[in-house]
Number of protein chains: 2
Amino acid sequence: MIDPSADRAVFRQLADLLREAIESGELGPGEPLPSELRLAQEHGISRTTVRQAIAQLRTEGLVSVERPRGTFVRVPEPIGQITLGIGERAVARMPTDAERRAHRLSEGVPVIVITAADGSTTLHPADRVELIRS
Amino acid sequence: MIDPSADRAVFRQLADLLREAIESGELGPGEPLPSELRLAQEHGISRTTVRQAIAQLRTEGLVSVERPRGTFVRVPEPIGQITLGIGERAVARMPTDAERRAHRLSEGVPVIVITAADGSTTLHPADRVELIRS
DNA sequence: GGCTATTTGTACGTATGTATC
DNA sequence: GGATACATACGTACAAATAGC
């Protein structure tokens, strides 16, 4: 239940409820969340507040929105392995808006940037790769 | 200039302007952005829209908000090196809200999760580490 | 093709709370 | 105390894209 008088903000409480539903499997990968309007009505809060909660889950990479079909639990991508060679360095950061669009990254997905010994860099979506030692 | 009739949303246009100011160095690390009210007045838009633009920059890890002192250009953290050993795997993802609070991570900062051969995992803030081959 | 309903996106406004200076 | 600044939450309205009939 959502308690408007609680210390934790209402939108964070809703985000917590939805996150638990996702992590427990109650809402499985690919399944739609209730619409923003439904969530607002069910919990007696405004659609604005619902959108804040969903925005939170988007930044965590837990859901993806397909406008205007709905909001869905993210489906894990097949993971490929990238080897880290001698002299290479890897960092992770969030992409800018332009990078997200250029590489068709969904929200809440970091990028891994690998810098080779010669200074050249390659960029990988973090939801599709894991790094291993060469 | 911001053009309300343009294809790109007003809040994205403002985010673009601020991002350019940061990346060009016009707004250096640690410097404050104009207040939300000032940005709204200067561009003739609502404070709500200004907040959307700043929220975008927060998810990109470009600014951090110190309530209620203001919004500041993020200062790069000193970077430590982590070695990736044989049998270890590294992935990057966004932390959940709980993880962010537990590790005092600022917004827009991914975490790097290293899984050892025995299955144990360690978590590192992505703005403070780079991975190198052992 | 066309119409309608649904759903998310954008943008506005207002009010109040809270922490800092 | 007062002013400033960000956070939360409500409301409204319209736009745009998809789905169903």
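Numbers restart at 1 for each chain; the letters A, B, ... are given by sequence-line order, proteins then strands.
A heavy-atom distance below 4.0 Å to DNA chain D is reached by these residues of residues 1-11 of chain A, ordered by number: A:A9, A:V10, A:F11. Residues from residues 96-107 of chain B with heavy atoms under 4.0 angstrom of DNA chain C: there are none. The stretch residues 51-63 of chain A touches DNA chain C through A:R51, A:R58, each having a heavy atom within less than 4.0 Å of the strand.
If you check the side chains of B:Q56 and B:E60, you find a donor sitting under 3.5 Å from an acceptor.
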Check against side-chain contact (heavy atoms from CB on, under 4.5 Å), A:I54 and A:L39
CA-CA 10 Å; A:I54 292 178; A:L39 286 172; 4.3 Å; yes
Intermediate values then yes/no, side-chain contact (heavy atoms from CB on, under 4.5 Å), A:T122 and A:H124
CA-CA 7 Å; A:T122 55; A:H124 305 275; 3.4 Å; yes
Is there a side-chain contact (heavy atoms from CB on, under 4.5 Å) between B:L14 and B:V10 once you walk through the steps?
CA-CA 6 Å; B:L14 176 55; B:V10 171; 5.7 Å; no
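Across the protein-nucleic acid pair, A:L14 atom CG and D:dC10 atom P stand 11 Å apart, rounded to whole Å. With rounding to whole Å, B:L37 atom CG is found 14 Å from D:dA7 atom P. The separation between B:Q13 atom CD and C:dA11 atom C1' is 13 Å, rounded to whole Å. We find that CD of A:E36 is positioned 15 Å from C1' of D:dT18, with the value rounded to whole Å. Atom P of nucleotide D:dA17 and atom CZ of A:R69 are separated by 16 Å, given to the nearest angstrom.
Here B:R133 pairs with A:S134 under the side-chain hydrogen bond (donor to acceptor under 3.5 Å, both in side chains) rule; sequence neighbours left out. Taking the side-chain contact (heavy atoms from CB on, under 4.5 Å) definition, one finds that B:R101 meets it with A:R8, B:D97, B:A98, sequence neighbours left out. Every residue two or more places apart in sequence or in another chain that forms a salt bridge (Lys or Arg N to Asp or Glu O under 4.0 Å) with B:E107 is listed here: B:R58. Applying the side-chain hydrogen bond (donor to acceptor under 3.5 Å, both in side chains) test to B:S24 and every residue at least two apart in sequence or in another chain returns nothing.
A pairwise comparison of heavy atoms in B:P32 and B:L27 identifies O-CD2, 3.8 Å as the closest pair. The two residues A:P4 and A:I2 have their closest heavy-atom pair at CD-O, 3.6 Å. Closest approach of A:L123 and A:E99 over heavy atoms only: CD1-OE2, 3.9 Å. The nearest pair of heavy atoms linking A:A90 to A:L131 is CB-CD1, 3.6 Å.
A:I45 and A:L18 fall within a single hydrophobic cluster, where Ile, Leu, Val, Met, Phe, Trp and Tyr are joined by side-chain heavy atoms under 4.5 Å apart, directly or via other members.
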List the atom pairs, donor and acceptor, that lie under 3.5 Å between side-chain atoms in residues 108-120 of chain A and the rest of the protein, sequence neighbours left out.
{"from": "A:D118", "atom 1": "OD1", "to": "A:S120", "atom 2": "N", "distance (Å)": "2.9"}
{"from": "A:D118", "atom 1": "OD1", "to": "A:S120", "atom 2": "OG", "distance (Å)": "2.7"}

Only pairs under 3.5 Å count here: list side-chain donor-acceptor contacts from residues 64-78 of chain B, not counting sequence neighbours, and write none if there are none.
{"from": "B:E66", "atom 1": "OE1", "to": "B:R69", "atom 2": "NH1", "distance (Å)": "2.5"}
{"from": "B:R74", "atom 1": "NH1", "to": "B:G61", "atom 2": "O", "distance (Å)": "2.9"}

Which atoms of nucleotides 13-17 of chain C (N or O only) lie under 3.5 Å from a protein N or O atom, and what are those distances?
{"from": "C:dG17", "atom 1": "N2", "to": "B:R67", "atom 2": "NH2", "distance (Å)": "3.1"}

Under 3.5 Å, which protein N or O atoms sit close to an N or O of nucleotides 1-4 of chain D? Give each pair with its distance.
none

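Within 4.0 Å of B:R38, counting heavy atoms only, lies no atom of the nucleic acid at all.
Residue pairs meeting the salt bridge (charged side-chain N to carboxylate O under 4.0 Å, His left out) criterion with at least one member in residues 33-52 of chain A, sequence neighbours excluded, are A:E36-A:R47, A:E36-A:R51, A:R38-A:E42.
Comparing D:dC10, C:dG9, D:dT18 by their nearest atom to the side chain of A:T49 picks out D:dC10.
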